[in-house]
Novice: 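Here's a structure for you.
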Protein chains: 2
Amino acid sequence: MATAENVTEPMASWDPYTRGCPSRDLLDQIGSKWAVLVLGELGKHGACRFTRLRQRLAGVSEKMLTQTLRTLERDGLVRRTVYPEVPPHVEYELTPLGQTLRGPLRALTQWSVEHVDEVLAARQEYDVRAEGTA
Amino acid sequence: MATAENVTEPMASWDPYTRGCPSRDLLDQIGSKWAVLVLGELGKHGACRFTRLRQRLAGVSEKMLTQTLRTLERDGLVRRTVYPEVPPHVEYELTPLGQTLRGPLRALTQWSVEHVDEVLAARQEYDVRAEGTA
DNA sequence: GTGGCTACTTACCGATGGAGAGTGACCAGG
DNA sequence: CCTGGTCACTCTCCATCGGTAAGTAGCCAC
């Protein structure tokens, strides 16, 4: 259940349905397109360098990958390790906290893969009906 | 460009790590801030009217709520029922397909609530270190 | 001394999201 | 008869966000 190591007693309960609640913010972050994919990739294959990650997430811009990784690092979900070499060498991997997100994220990713066909069908049907209405 | 309309052929397996894959798109949609909250709310409390939904999701703009609901309806996750009355009366509820998303989404929402404190702490630590570096 | 490697950073620009006012249909009150 | 209120939008304006592409830094091979 709850972690036994809370430094201080947290608020009775955070609620993402409340305006301005940090949990809503966090939910938004971890659910964002690139964050889901980065975390998924690091979860599946372990530590990874910047360029490799960029290749695996076909289509990310360098800017967004950097930005996503920074946010994830700041949130304590990803650890960034710099090896002072030339050319630069940086590795990213999940922290223990990041590991705890693997389950929920995998469930979401799997859902989207498994139900894509149904959704695509629903869209077609919707669009056909919309055309008829228009 | 390639036509995206003959998607009836179910690919061997969709992969969100592939550029332009519909599953990546879908993952993005269902993970978006307002979609998560709308689906969560409809999952918890059942059918709901527009205005009520707007109150529960403290902070949504009407525009975004409308847009989110339309997308969800088009994707076959939410059913929209209009009662031809005055003043207008519209109800939204999860479809069976939408119901299958409850689990994954609840897991994600719960994670964010349960780990907000750790993340907040990590952010503080990161910011302190960053200040020292700067 | 030019190019290449790696991991960024910066500048620019179109797309997206939020705030807030307007719309249409109808009815109750004055 | 005219105003105000209800509900579910819809439209407009502006700020922020995401994508594209070019630039940066340090060192090495050619």
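Since the model is a prediction, treat every value here as computed from it, not as a measurement. Residue numbers begin at 1 in each chain, while the letters A, B, ... track the order of the sequences. Quick note: numbers below take in every heavy atom, side chains included, and nothing from hydrogens, waters or symmetry partners.
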Novice: Ignoring hydrogens, what is the shortest heavy-atom contact between A:H89 and A:R49? Give both atom names and the distance.
Specialist: CD2-NE, 3.4 Å

Novice: In this structure, how many angstroms lie between the C1' atom of D:dT10 and the CG atom of B:L69, rounded?
Specialist: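 Those two atoms, CG and C1', are 15 Å apart.
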
Novice: Mind calculating the distance between CG (A:L37) and P (D:dG18) to the nearest angstrom?
Specialist: 14 Å

Novice: Rounding to a whole Å, what distance do you find between B:K33:NZ and C:dT16:C1'?
Specialist: 12 Å

Novice: Separation of A:L53 atom CG from C:dT6 atom P, in whole Å?
Specialist: 14 Å

Novice: Looking only at heavy atoms, which two atoms of B:W14 and A:V116 are closest? And how far apart?
Specialist: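 Scanning both residues completely, I find the closest heavy atoms to be NE1-CG1, 2.9 Å.
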
Novice: Let me check the geometry of the helix from C:dG1-D:dC30 to C:dG30-D:dC1. What is the bend angle between the axes at its two ends, five pairs each, to 10°?
Specialist: 30°

Novice: To the nearest Å, give me how far apart CG (A:L65) and P (C:dC8) are.
Specialist: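 Roughly 9 Å, once rounded to whole Å.
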
Novice: Hey, is the main chain of B:L77 close enough, under 3.5 Å, to the side chain of B:D75 for a donor-acceptor pair?
Specialist: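 Side chain of B:D75 to backbone of B:L77, a donor-acceptor pair under 3.5 Å: no, none is there.
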
Novice: Could you check whether B:Q67 gets within reach of a base, just the sugar-phosphate, or nothing at all, counting any heavy atom under 4.0 Å?
Specialist: sugar-phosphate

Novice: The test is salt bridge (Lys or Arg N to Asp or Glu O under 4.0 Å); show your working for B:D127 and A:R74 and say whether it passes.
Specialist: CA-CA 8 Å; B:D127 291 345; A:R74 188 168 104 101; 2.6 Å; yes

Novice: Rounded to the nearest angstrom, tell me the gap between atom CE in B:M64 and atom C1' in C:dA15.
Specialist: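 So the two atoms are 13 Å apart, to the nearest Å.
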
Novice: Please determine if a side-chain N or O atom of B:W34 lies less than 4.0 Å away from the OP1 or OP2 oxygen of C:dG17.
Specialist: no

Novice: Can you give me the closest heavy-atom contact between A:V36 and A:I30, atom names plus distance?
Specialist: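 Minimum heavy-atom contact is CG2-O, 3.3 Å.
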
Novice: Can we say B:E41 and B:R56 salt-bridge, meaning some charged N sits less than 4.0 Å from an Asp/Glu carboxylate O?
Specialist: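 A salt bridge links B:E41 with B:R56.
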
Novice: Over how many whole Å does the gap from A:R54 atom CZ to D:dA21 atom C1' extend?
Specialist: 11 Å

Novice: Indicate yes or no: does A:E93 engage A:R79 in a salt bridge with an N to O separation below 4.0 Å.
Specialist: yes

Novice: Can you name the atoms? Protein N/O to nucleotides 4-8 of chain D N/O, anything below 3.5 Å, with the distance.
Specialist:
| from | atom 1 | to | atom 2 | distance (Å) |
| --- | --- | --- | --- | --- |
| D:dC7 | O3' | B:R49 | NH2 | 3.2 |
| D:dC7 | O3' | B:P88 | O | 3.0 |
| D:dA8 | OP1 | B:R49 | NE | 3.0 |
| D:dA8 | OP1 | B:R49 | NH2 | 3.2 |
| D:dA8 | OP1 | B:V90 | N | 3.3 |
| D:dA8 | OP2 | B:T51 | N | 3.1 |
| D:dA8 | OP2 | B:T51 | OG1 | 2.5 |

Novice: Of all the heavy-atom pairs spanning A:S23 and A:P16, show the shortest one and how long it is.
Specialist: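 That would be OG-N, 3.1 Å.
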
Novice: Pick the nucleotide of DNA chain D nearest each of B:T66 and A:G59; which residue has the one closer to the 5' end?
Specialist: B:T66

Novice: OH of A:Y83 versus C1' of C:dA7: gap in Å, rounded?
Specialist: 15 Å

Novice: Going by side chain to side chain donor-acceptor pair (under 3.5 Å), name the pairs with one or both residues in residues 60-70 of chain A, residues two or more places apart or in two chains.
Specialist: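 Matches after skipping sequence neighbours: A:R54-A:E62.
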
Novice: Taking only side-chain nitrogens and oxygens of A:K63, does any of them come within less than 4.0 Å of OP1 or OP2 of C:dC12?
Specialist: no

